Q: 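Got a structure here, written out as structure tokens. Questions coming.
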2 protein chains.
Amino acid sequence: MPSPTVWERQTYWDRFRARHHRRTLLPRHVLIIGTINRRLIGQEGPGIEMAATPRRQPTLDEVAERAGVSRSAASRVINKAPHVSRATRDAVEKAIKEMGYLPNRTARALATQQTGIVALAVPHDNPELFADPFFAQVIVGVSAALEETDLHLLLCLASSGRGRARLTNLLRTRGVDGIMLMALHGDDPLTDIVARAGLPTVYVGRPLHTEPRWFVDSDNLGGARLATEHLIRLGRTRIATITGQLSTDAGEARYRGYREAMIIAGLTPHGTAEGDFTEDCGAAAMRALLDSHPDLDAVFAASDNLAAGALRALAEAGRSVPADVAVVGFDNLGVAERTDPPLTTVHQSVQDLGKEAARMLVAVIAGQQPASIILPTRLVRRGSA
Amino acid sequence: MPSPTVWERQTYWDRFRARHHRRTLLPRHVLIIGTINRRLIGQEGPGIEMAATPRRQPTLDEVAERAGVSRSAASRVINKAPHVSRATRDAVEKAIKEMGYLPNRTARALATQQTGIVALAVPHDNPELFADPFFAQVIVGVSAALEETDLHLLLCLASSGRGRARLTNLLRTRGVDGIMLMALHGDDPLTDIVARAGLPTVYVGRPLHTEPRWFVDSDNLGGARLATEHLIRLGRTRIATITGQLSTDAGEARYRGYREAMIIAGLTPHGTAEGDFTEDCGAAAMRALLDSHPDLDAVFAASDNLAAGALRALAEAGRSVPADVAVVGFDNLGVAERTDPPLTTVHQSVQDLGKEAARMLVAVIAGQQPASIILPTRLVRRGSA
DNA sequence: GCCAAAACTGGAAGCGCTTCCAGAGTTTTC
DNA sequence: GAAAACTCTGGAAGCGCTTCCAGTTTTGGC
């Protein structure tokens with residue numbers, strides 16, 4: 001604590017401050033002494049290790065002073081603006097190097113109205129769901145794309161009401177320059193929240209029944225057709241499907257793709273069970289299908305997880321794959337290689353999904369009008385069909 | 001575009017600006033007209049859809065004016081500072097509600113020197129690695145803990161030199177209030193970078209050979225002993241181990257735990273192979289072990305992935321599990337349930353790891369001196385041992 | 001009803017940066 | 001050789017908020 005003498009001049013305020021101090025947003029290790037120097041560093045008592053050493057970064061003013069130019073001139077050098085003489089530039093650059101100057105992000109953000117941060121919002125209702133490698137791959141893609149810019153990535157798991165409130169707040173307080181939204185269920189309130197914020201927004205996967213101005217998506221419908229046509233080409237005719245949640249666009253599109261392929265081939269859907277993209281659910285759905293359509297000879301599952309569950313159920317039921325029943329999945333995110341037999345599946349490039357979304361967002365933020373993107377899918381043949 | 005009349009007064013500057021405009025950091029949809037009102041909203045030409053509708057958020061000044069009080073009074077109300085009369089508070093709160101005011105995050109950050117953002121840095125060398133559910137679980141835990149504060153989470157995949165440079169820059173420009181660092185290899189340059197930044201830092205898992213001031217870790221050593229002791233209790237004596245990378249603390253500690261358990265039981269290690277926590281590597285290691293120690297009757301693998309690979313190799317070699325060879329893994333992150341047979345393994349609570357790390361960081365930022373934490377592990381018995 | 005103490009208030013000074021613009025100097029143009 | 005065009009420069013005005021503090025009003029004790 002500062003010595004009493006520093007304080008004795010003041011009375012009421014100090015007492016108030018002493019009480020109030022903890023609750024204010026003052027930076028750590030900051031004590032107030034008079035008005036001149038508000039920051040007092042290294043005032044730790046003996047034995048207390050410091051949380052950090054906030055050796056103050058030099059400011060632009062200090063750089064300018066050292067270089068013997070005005071602050072504006074220094075700023076111009078840093079921002080590579082024109083109208084800077086060689087001499088000025090050199091002097092400033094020298095000062096910058098010597099002082100190890102780096103512009104303060106926050107101050108710049110305030111002046112430019114750009115935070116340099118974009119958000120990726122994931123509506124995860126339950127933690128398990130976020131563990132899906134799908135999210136990880138999107139994040140990897142997004143990061144890769146952002147690495148080429150000077151934007152940083154803020155991750156929002158907006159599930160609960162609390163999480164959504166935080167997100168709303170983040171957007172409305174202009175905490176980010178733009179936002180990427182992961183695939184949503186039909187009536188997710190996030191859509192509204194984000195639209196209301198009026199910030200550049202890119203969707204990763206489309207929400208159900210609305211086409212956002214900007215989105216990146218996989219060709220779910222085409223992929224599902226690919227898968228179904230493959231089964232048809234194999235000579236299967238009694239083809240069932242296990243869908244994902246039909247309240248998501250991906251689930252719905254994949255179901256539609258299956259139906260279209262069947263209709264075009266002159267076949268009729270032979271059993272449909274709705275799942276939720278999880279393995280257990282796939283197994284349950286498969287058992288239900290075997291019950292209702294014991295003669296089925298093929299299954300298109302709307303995800304690899306579902307397909308893995310289906311394989312399990314088929315094995316339990318004593319059906320051999322692919323001899324008795326051919327199975328095709330969707331996603332190709334690692335699981336497919338590890339099933340027995342390995343899964344024939346539709347590949348979607350999730351990293352690219354993230355990468356393109358990030359690039360698109362950057363473009364939108366820059367005021368451009370990029371086109372939305374639908375990424376192609378392709379069939380990967382393995383043992384199950 | 002603004003009508004020519006607006007511009008004709010100006011000559012040189014306008015032309016320069018017209019050329020330079022794109023390169024500046026000006027907010028989108030902002031045109032400069034005179035000095036009075038810099039923001040001109042909704043000036044889009046016909047047919048051009050707006051990227052966003054930046055209907056300007058009200059400022060504190062406007063709220064204060066509407067409430068008929070000074071800006072400081074309004075600020076005090078917002079920050080729930082004392083010394084605000086009932087009347088003032090009511091007036092300000094009314095104005096806030098009516099105008100839908102929310103304080104600008106950036107401005108507040110500049111004034112308080114606190115960004116309200118913490119970073120989670122993941123040194124992922126390769127994308128596949130980040131797909132490990134471990135990371136997802138940590139993130140879920142961290143998010144859960146942060147949800148109770150008003151901090152947001154910035155995710156940094158700092159792999160390449162570029163990524164590291166970005167991280168360095170983020171820290172040195174005071175872009176975040178603190179940072180969580182995921183487990184590192186022995187000599188990761190990130191350790192240094194972060195230390196140099198002098199920001200509150202919490203490690204998730206310890207780096208090799210140094211104990212950071214603040215960390216959260218699982219009891220890797222204890223868990224490995226648990227696993228090995230279990231095998232010993234089963235009557236196995238020729239127990240081999242497949243380690244993780246010994247250049248990580250987790251890998252090393254689990255290996256040490258195995259050795260200690262063996263020594264205490266008066267047994268000698270019966271074959272050691274170093275892996276890298278991946279399944280393929282586990283299979284390769286198992287094959288090598290079978291080669292060098294054909295008579296082994298148990299294996300402790302330092303991760304479930306390694307164990308899964310080992311199971312595969314054992315099956316290929318015609319050894320039955322657990323009859324011929326008992327296997328125990330480590331992690332219990334989903335894989336363990338899906339192997340054949342299901343894996344007996346050591347459970348670590350990765351979500352809690354993240355949760356505690358976030359809580360600890362919050363405490364450190366608040367200037368407290370929390371104690372580091374080592375979370376307990378426990379054995380989960382399934383079919384493989 | 002008086003006086004000290006407490007509560008309250010608004011003006012002003014920051015936080016660290018970008019950008020405007022007038023003025024000074026330099027080059028080009030005819 | 002004067003006018004026109006350009007290049008540089010630094011002072012000043014922001015960006016939107018928090019916090020200090022001097023001054024004013026209210027409270028409470030006697």
Side-chain angles (χ1 to χ4, degrees), chain A residues 9-17 20-21 24-27 30 32-39 56-64 68-79 81-89 101-114 173-174, chain B residues 9-17 20-21 24-27 30 32-39 56-64 68-79 81-89 101-114 173-174:
Chain A
R9 184 170 56 77
Q10 301 145 322
T11 56
Y12 162 70
W13 259 100
D14 302 338
R15 252 165 294 153
F16 158 60
R17 199 186 303 116
H20 186 56
H21 194 235
T24 70
L25 285 171
L26 276 179
V30 169
I32 299 151
I33 47 164
T35 43
I36 298 170
N37 185 0
R38 281 171 58 202
R39 266 183 197 67
R56 216 167 59 67
Q57 293 277 348
T59 70
L60 186 57
D61 272 313
E62 288 160 18
V63 168
V69 301
S70 74
R71 188 193 345 185
S72 7
S75 175
R76 255 174 258 135
V77 171
I78 285 160
N79 294 308
H83 303 329
V84 177
S85 69
R86 186 67 207 222
T88 302
R89 179 184 318 284
Y101 171 78
L102 274 179
N104 178 304
R105 229 184 146 72
T106 309
R108 179 176 280 191
L110 183 58
T112 60
Q113 310 276 66
Q114 304 254 258
T173 55
R174 309 273 108 145
Chain B
R9 182 169 59 77
Q10 301 147 323
T11 55
Y12 160 69
W13 260 99
D14 301 339
R15 254 165 291 155
F16 159 60
R17 199 186 302 116
H20 186 55
H21 194 237
T24 70
L25 285 172
L26 276 179
V30 168
I32 299 149
I33 47 165
T35 44
I36 299 168
N37 186 0
R38 283 171 56 202
R39 263 180 202 72
R56 216 166 62 64
Q57 292 278 348
T59 68
L60 186 56
D61 273 313
E62 288 159 20
V63 168
V69 301
S70 75
R71 186 191 350 182
S72 4
S75 175
R76 255 173 260 134
V77 171
I78 285 160
N79 294 308
H83 302 329
V84 177
S85 69
R86 186 66 206 222
T88 303
R89 181 186 315 285
Y101 170 79
L102 274 178
N104 179 304
R105 227 184 148 71
T106 309
R108 179 176 277 192
L110 183 58
T112 60
Q113 309 277 66
Q114 303 255 262
T173 56
R174 309 270 106 143

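Because the structure is a prediction, the values reported are computed rather than measured. We name chains A, B, ... by the order of the sequence lines, and we start the count at 1 in each one.
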Q: Quickly work out the B:Ile78 CD1 to D:dT18 P distance and round it to whole Å.
A: 6 Å
Q: If you go through the side-chain atoms of A:Thr106, does one of them form a donor-acceptor pair with the base of C:dG16 closer than 3.5 Å?
A: no
Q: Do B:Val77 and B:Val69 come within less than 4.5 Å of each other through their side chains, counting heavy atoms only?
A: no
Q: Report the distance from atom CD of B:Gln113 to atom P of D:dG16, rounded to the nearest whole Å.
A: 19 Å
Q: Quick one: side-chain hydrogen bond (donor to acceptor under 3.5 Å, both in side chains) partners of A:Thr173, sequence neighbours excluded?
A: none
Q: Tell me the closest heavy-atom pair linking A:Tyr101 and A:Ile78, and the distance in Å.
A: CE2-CD1, 3.4 Å
Q: Using only heavy-atom distances, decide whether a donor-acceptor pair under 3.5 angstrom links the side-chain of B:Thr59 to the base of D:dG16.
A: no
Q: To the nearest 0.5 Å, how far apart are CD in B:Gln113 and OG1 in A:Thr106?
A: 8.0 Å
Q: Considering just the side-chain nitrogens and oxygens of B:Ser75, establish if one lies under 4.0 Å of OP1 or OP2 belonging to D:dT19.
A: no
Q: Whether the side chain of B:Arg76 and the base of C:dG10 hold a donor-acceptor pair under 3.5 Å is what I'd like checked.
A: yes
Q: State whether A:Asn79 places a side-chain N or O below 4.0 Å from either non-bridging phosphate oxygen (OP1 or OP2) of C:dT18.
A: yes
Q: Could you please name the option among C:dT18, D:dT9, C:dT9 that lies closest to any side-chain atom of B:Val84?
A: C:dT9
Q: Heavy-atom nearest nucleotide on DNA chain D for A:Arg71 versus A:Ser85: which residue maps closer to 5'?
A: A:Ser85
Q: Please give the angle, rounded to 10 degrees, between the axes at the start and the end of the helix from C:dG1-D:dC30 to C:dC30-D:dG1, where five pairs define each axis.
A: 30°
Q: If you assign B:Ala107 and B:Thr88 each to the DNA chain C nucleotide with the nearest heavy atom, which residue ends up on the more 5' nucleotide?
A: B:Thr88
Q: May I have the distance from A:His83 (atom NE2) to C:dG25 (atom P), rounded to whole angstrom?
A: 18 Å
Q: Tell me the interatomic distance from A:Asn104, atom CG, to D:dC15, atom C1', rounded to whole angstroms.
A: 13 Å
Q: Among C:dG16, D:dG10, C:dT9, find the nucleotide with the atom closest to the side chain of A:Leu110.
A: C:dG16
Q: May I ask you to evaluate whether A:Ser72 reaches the phosphate of C:dT19, defined as a side-chain N or O under 4.0 Å from OP1 or OP2?
A: no
Q: Quick one: do B:Leu60 and B:Arg108 satisfy side-chain contact (heavy atoms from CB on, under 4.5 Å)? Show the steps, please.
A: CA-CA 11 Å; B:Leu60 186 56; B:Arg108 179 176 277 192; over 6 Å; no
Q: Donor-acceptor pair under 3.5 Å: do we get one between B:Ser70's side chain and the base of C:dG11?
A: no
Q: B:Leu60 has an atom CG; how far is it from atom P of C:dG11, in whole Å?
A: 14 Å
Q: Of B:Arg86 and A:Tyr101, whose nearest nucleotide on DNA chain C comes first from the 5' end?
A: B:Arg86
Q: Would you kindly check whether a donor in the side chain of B:Arg105 faces an acceptor in the base of D:dG16, or vice versa, at under 3.5 angstrom?
A: no
Q: Checking B:Arg76 now: which residues fulfil side-chain hydrogen bond (donor to acceptor under 3.5 Å, both in side chains) with it, not counting sequence neighbours?
A: none
Q: As an exercise, state the distance from CG of B:Asn104 to CD of B:Gln57, rounded to the nearest 0.5 Å.
A: 8.5 Å
